Amino acid sequence: MPAHPVRGSMVVRRRHAAVVAAVMSCSTVLTAQGPVEADGASIPSVPAPQLEWRPCVPGSPFDCATARVPLDHAASGGRSVDLAVVRRKATGPGKRVGTLFFNPGGPGGPGTVQMPQNYAFFPREVRERFDIVSWDPRGIGNSTAVNCFTSPREAADWNASKAVGFPVGEKEQKAFTAAYADLVRRCEKTDPELLRHVSTADTARDLDLLRRSVGEPQLNYYGISYGTILGATYANLFPGKVRAMTLDSNIGPRAWTNDASDDARLTTFLRVGSDHSAAATLDRFLDLCGSTTTARCAFSAGTPKATRDKFDRLTERLRKEPVDTWTYARTVADAVNSLYLVSGWSELAGRLQELWRGRAPEPAAFPPAPPVPDPDPYLGEEQAAAVLCGDSPDPRDPGVYPLLEEASAARAGDAGRFWTWATAGCTGWPASPDRYTGPWDERTANPVLVVGTTYDPSTAYPNSRAMAEELADARLLTNEGYGHTALLNPSTCVQDHESRYFVDGVLPPAGTTCRQDTPPFTAPKPSGGVAAGGGALAVGRS
């Protein structure tokens, strides 16, 4: 699954964008009282959009609707944009608590595809007690979308003009920079008004309108990856409207906003520490692979050290001579992206072993399409860039990227090269006039649950600690395990805590730690979840 450069925890795109409890104490209970909204109250009130629910396709268990919202929330009488919305009703008759809104990350994750695709991963009690609703944020997928090309062929030609994964060497770096400068020019000509209004703050205000549309007095929300920044933004714009909010695989708010400064010396993902966390997770992948047999991990060389050395020799070989279209950069990008889901680690090992043998492997299979009208919307890089680059400051001078790459590679190896170039498309992107830069400590009506995984290849675990510290009232739940998000790399322990929190408002005790259900390279345990892979996040379109 080739990755595109404006991506990350926040952005890993697929064509069909996918996939023993600790003792708990009654430490807090949800209430309906809380402070009034902060910045959100300064925006003129507009009527909540009407949602006319219909089955997404005949026989589908999911309902679809379209919400029309103002392009500019400060000028509600102007242009409107459409939001594609999806719902799965609570499955437990008579047990319904309310509506839970879900954002699958990105930025750029189409909720109308990814929520249905990953629905089985939600805790059973949450599915029984809540209608689960998601949507494609403005600018994305099936909603009014950013699209800077006149045809699929034009988009494909643009993609072909740059290296897959990241550029290697001066020639590819120049072509990379030129391609993204061209993308910015195209986007500014196509719909500059839309580009100015796809910030996270804009989407947070859309979310509050959707909350009102379903008749909820307060918001129940589950956000993963980039969805944690959306959740934190909502919590600080509308602190009195938070009933229950779980933020899983977090981005530190101050890292995202560069401490509210426009003078960015590091890229977003280097500030977040994605290079460190991806390198650490890749090392664990190779160590665990080398500690088992080739029957469980095809790339094993018999010991952890021998397997790490084997990976280094493979990447050195690919630098000199690719295997078909599998270059060094494509292989590194595939490896980092494939660490997101532990269920895909064995398949990654198989692809690496094929490359070791000099054979081009089959790319990772796409998960099956869910029963929705358009399971394969256009998800061009410009959609993620419009949100990420407009919200989060990155270096404006393309000339600093090779220097940042070498510095990151010195501490994080191949993964550092991958993550350094992940925001190369932001060098010429205009900042959003509506971006939210803080404060992050508005007192919410109810506390927030923050979940962080120790070996997360995208959003490093310290970000979850930072989120819990920077929000006014939050509790950190640590998931000892691997992969990006506890939702898609399940832990029964985490799910039990989340269920009790969403249903009853009870947080886990301070310092609670959970473990993953199925460690890498072990036989999966039977469960009610789907076995297919899939990302909450991103993965290149090809």
Side-chain angles (χ1 to χ4, degrees), residues 1-14 18 105-106 163-168 225-226 249 251 267-270 272-289 297 299 307-308 311-312 314-315 318-319 326-352 355 361 363-364 381 384 388 404-405 408-424 453-461 463 481-485 488-489 520 533-542:
M1 46 183 162
H4 61 76
V6 184
R7 56 123 140 69
S9 64
M10 307 146 257
V11 193
V12 182
R13 237 169 265 266
R14 288 183 188 274
V164 174
F166 56 90
V168 178
S225 194
Y226 160 78
S249 285
I251 303 163
T267 71
T268 297
F269 299 131
L270 297 186
V272 167
S274 300
D275 55 340
H276 286 284
S277 58
T281 308
L282 179 59
D283 279 348
R284 291 297 295 154
F285 165 84
L286 295 169
D287 283 354
L288 292 169
C289 179
C297 181
F299 194 65
T307 306
R308 290 196 303 271
F311 182 81
D312 290 341
L314 173 62
T315 55
L318 291 170
R319 274 179 175 271
W326 286 82
T327 62
Y328 158 70
R330 179 182 177 183
T331 302
V332 171
D334 178 64
V336 173
N337 281 330
S338 298
L339 296 173
Y340 279 54
L341 296 171
V342 170
S343 61
W345 281 25
S346 293
E347 287 75 16
L348 168 61
R351 291 193 295 278
L352 293 174
L355 289 168
E381 288 188 39
L388 170 64
L404 291 173
E405 176 191 353
S408 181
R411 63 179 179 264
D414 300 315
R417 300 186 189 280
F418 170 85
W419 279 114
T420 297
W421 288 96
T423 57
T453 297
T454 49
Y455 282 98
D456 185 323
S458 179
T459 53
Y461 174 72
N463 286 270
Y482 306 91
H484 186 51
T485 81
L488 300 179
N489 297 279
L537 318 185
V539 185
R541 295 174 57 83
S542 70

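Since we're looking at a predicted model, the values are computed, not measured.
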Distance (rounded to the nearest 0.5 Å) between [X] [atom1] and [Y] [atom2]:
X    : Y    : atom1 : atom2 : result
L352 : C297 : CG    : SG    : 8.0 Å
T331 : L314 : OG1   : CG    : 6.5 Å
L404 : R417 : CG    : CZ    : 12.5 Å
Y340 : T281 : OH    : OG1   : 10.0 Å
R411 : L270 : CZ    : CG    : 6.0 Å
D283 : R308 : CG    : CZ    : 6.5 Å

Taking side chain as C-beta onward, heavy atoms only, is [X] less than 4.5 Å from [Y]?
X    : Y    : answer
F299 : T307 : yes
P520 : R284 : no
L388 : T268 : yes
E347 : S338 : no
P361 : L355 : yes
L348 : D334 : yes

Closest heavy-atom pair and its distance - [X], [Y]:
X    : Y    : result
Y226 : I251 : CA-CD1, 3.7 Å
S225 : G105 : CB-CA, 4.3 Å
S274 : S277 : O-OG, 3.2 Å
A415 : A278 : CB-CB, 3.8 Å

Please determine whether side chain to side chain contact (heavy atoms under 4.5 Å, CB included) holds for the pair S458 and W419, giving the CA-CA distance in whole Å, both sets of side-chain angles, and the decisive distance to 0.1 Å.
CA-CA 9 Å; S458 179; W419 279 114; 3.9 Å; yes
For S408 and E405, indicate whether the former's side chain and the latter's backbone hold a donor-acceptor pair under 3.5 Å.
no
Look only at the side chain of T454 and the backbone of G481, and say whether a donor-acceptor pair between them is shorter than 3.5 Å.
yes
If the condition is ring-ring contact (aromatic ring centres under 6.0 Å, His included), which residues does F285 pass it with, not counting sequence neighbours?
W345, F521
Could you list the residues that satisfy ring-ring contact (aromatic ring centres under 6.0 Å, His included) with Y328, not counting sequence neighbours?
F166
Can you tell me which residue among D275, T423, V272 is in a side chain to side chain contact (heavy atoms under 4.5 Å, CB included) with T267?
T423
For S249, run the side-chain hydrogen bond (donor to acceptor under 3.5 Å, both in side chains) check against T453, N489, D456 and tell me which one passes.
D456
